[in-house]
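Residue numbers start from 1 in every chain, and the chains themselves are labelled A, B, ... in the order their sequence lines are given, proteins ahead of strands.
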Amino acid sequence: MIRIENLTKKFGKTQALAGIDLHVGQGELFAYLGPNGAGKTTTIRILTGLTRIGSGLALLGGHDIAREATAAKRQCGLAPQQINLDNELTVAENLDIHGRLFSMSRAERRRRIDELLAYIELSDRPRSLVKHLSGGLKRRLLIARALMHEPKILFLDEPTVGLDPAIRRRIWALIKKVRRDGATIFLTTHYIEEAEFLADRVAFIDRGRIVAVDTPAVLMAAVGEWAVDRVDENGMTSAYFPDRDSAQSSVSAGGGGFTLRRVNLEDAFLARTGKKMVVDGQNGRGGH
Amino acid sequence: MPGFIAVLLREMLILRRRFLRQLAGMSVSPLLYIIAFGYAMGGEARFDGHSYLEFLIPGLIAMSSMTQSFAIATDINVARFYWHIFEEFQAAPIRDLAYVAGETLAGMIRALLSIGVVLLLSFLFGAPPHCGPLLWLAALLNAFVFASLAVAMAMLVKSHADQSLLTTFIITPMAFLGGTFFPLDRLPEWAQRALSFLPLTHASAAIRAAAFGETPAASHFIILALAGVLAFALALSVVKKARD
């Protein structure tokens with residue numbers, strides 16, 4: 001459904017993407033994981049026609065985004081990282097304008113607005129101005145707007161950034177529902193749990209390059225199954241073990257303060273890139 | 001043209017929500033100019049057999065249609081840099097032409113509203129102009145020029161501050177020097193020549209002639225139409241380049 005070959009992009013002297021190759025199958029929920037500035041948003045902006053391609057090929061449902069932009073865009077829905085709903089329009093008007101942009105008939109728009117408002121549990125507020133909605137409701141409406149024209153591919157750029165854990169869970173449930181309904185989903189995130197919980201496959205991106213692509217289970221298994229974190233005067237170090245027994249033996253031998261836990265995608269990312277997914281001074285774990 | 005109606009409708013829905021505020025905003029400047037210049041300063045002055053107020057009203061029509069159509073630049077700018085709504089249009093399968101045409105027409109509709117406000121004030125102050133089709137044609141062409149220019153400038157600037165500078169250094173001087181408040185034939189030859197490059201000079205001249213019941217020179221309409229086409233082409237070109 002999405003095929004990217006040797007995709008590059010430069011902004012001035014900065015190489016934002018340095019030759020990306022990816023293939024995302026139909027109905028797959030694909031997570032694109034990396035720290036801020038890794039190239040996640042640039043990739044999504046190119047795939048959705050917001051940024052011009054540098055070089056390489058990007059096919060969406062078989063259509064080249066550079067040469068057949070209109071046909072390619074029809075395949076896609078985008079919920080961008082920054083909520084770009086029209087605050088001065090109502091919930092229904094936001095959906096209606098989107099439907100018109102995708103040449104939907106009046107009857108189609110009406111049907112779809114009713115369906116989507118039920119889908120995101122906003123049926124009672126079609127006439128509310130968007131500026132009166134909470135952050136979580138706006139995020140749900142943003143996803144609904146991206147689904148308005150029934151796209152085959154849904155791009156979600158950091159869909160839960162800035163949301164509290166309870167609302168994040170609701171957005172995850174919505175994303176799972178969309179996926180069950182058959183859409184291909186391309187999700188960028190820096191939240192480890194988001195990728196672990198949602199994704200069929202994960203790509204790690206670092207400094208404009210893909211460093212690994214596989215299922216979360218395979219990526220984590222390559223590191224080990226259990227991890228022991230130790231904190232000393234040099235900071236925190238992690239050691240990885242194939243099973244709990246060997247991890248516990250290491251703990252007994254080492255003494256001092258430690259945390260014994262299961263390996264996660266952040267460990268897999270660390271093992272591949274040599275760095276943690278530091279995000280604005282926090283690590284990429286979103287919390288529950 | 002897919003998308004054109006969506007772009008225009010969005011602007012119209014927002015205009016409807018802000019209607020009273022917009023109308024009040026459109027009324028303040030012309031009202032102040034009519035009171036300050038039309039009455040207080042120019043009370044007894046006569047130009048070509050017309051009172052200063054009668055001379056001023058067509059200039060205010062030209063100026064209001066310019067400032068109000070150009071004002072969409074600020075809205076587009078805010079929607080682009082602050083709300084990121086422009087990305088919704090960029091990601092849609094519509095042509096750049098649909099976007100530029102929708103925004104330009106929205107700017108022209110705002111200009112029409114502002115012309116209505118000036119006409120209403122002119123009736124209230126007893127100096128209604130002759131509202132023939134040539135007056136409307138000149139005013140619409142003027143609105144077309146500045147709405148198209150507004151779309152282009154909104155794409156070229158990199159911040160709200162730059163947008164404000166454009167208004168300060170281009171629109172405000174033009175508003176005062178484009179034949180709005182005084183006859184340009186009182187200026188030296190070189191200044192008249194320089195000011196003849198401003199679209200507003202031609203809009204003021206054409207609207208004033210039509211308002212006095214005369215037939216404006218065809219050259220004014222031709223120059224305004226050419227300036228409009230150029231500004232529209234510039235807007236199209238810079239919208240294409242905005243994808244980065």
Heavy atoms from other residues, nucleotides or ligands near CZ of B/F176 exceed 12 (cutoff 6.0 Å): yes
Partners meeting salt bridge (charged side-chain N to carboxylate O under 4.0 Å, His left out) with A/R140 (sequence neighbours left out): none
Minimum heavy-atom distance between A/R52 and B/K241, given as atom pair plus value: NH2-O, 3.6 Å
Part of A/E93 within contact of chain B (heavy atom distance under 4.5 Å): side chain
Side-chain donor/acceptor pairs under 3.5 Å, residues 27-35 of chain B, sequence neighbours excluded:
residue	atom	partner	partner atom	Å
B/S27	OG	B/L23	O	2.6

For chain B, which residues of residues 100-123 of chain A have heavy atoms nearer than 4.5 angstrom: A/R100, A/L101, A/F102, A/S103
A/D86 side, atom CG; B/I14 side, atom CD1 - distance, nearest 0.5 Å: 4.5 Å
Chain B contact via A/L85 - which portion, at a heavy-atom distance below 4.5 Å: backbone
Enclosure of A/K138 NZ (heavy-atom neighbours >12, cutoff 6.0 Å): yes
Minimum heavy-atom distance B/A91-A/L78, with the two atoms named: CB-CD2, 4.3 Å
Side chain, backbone, both or neither of A/H98 within contact of chain B (heavy atoms, under 4.5 Å): both
Heavy-atom side-chain proximity of A/N87 to B/W83 below 4.5 angstrom: yes
Heavy-atom proximity to chain B below 4.5 Å, by part of A/N94: neither
Minimum-distance pair of heavy atoms, taken over all atoms of B/E87 and A/N84: CB-ND2, 4.0 Å
Within 6.0 Å of CD in A/E68, more than 12 heavy atoms from elsewhere: yes
Contacting region of A/I97 [heavy-atom separation from chain B under 4.5 Å]: both
Value rounded to 0.5 Å, distance of CZ in B/F89 from CG in A/L50: 13.0 Å
Segment of A/T90 engaging chain B (4.5 angstrom heavy-atom cut-off): both
Passing option when A/E88 is tested against B/R16, B/R17, B/R18 for salt bridge (charged side-chain N to carboxylate O under 4.0 Å, His left out): B/R18
Flag if over 12 foreign heavy atoms under 6.0 Å of NZ, A/K177: yes
Pair listing, side-chain hydrogen bond (donor to acceptor under 3.5 Å, both in side chains) test, anchored in residues 11-21 of chain A, at least two apart: none
Greater than 12 external heavy atoms within 6.0 Å of A/R207's CZ: no
N/O donor-acceptor pair under 3.5 Å between A/K73 side chain and B/Q90 backbone: yes
Heavy-atom proximity to chain A below 4.5 Å, by part of B/I5: side chain
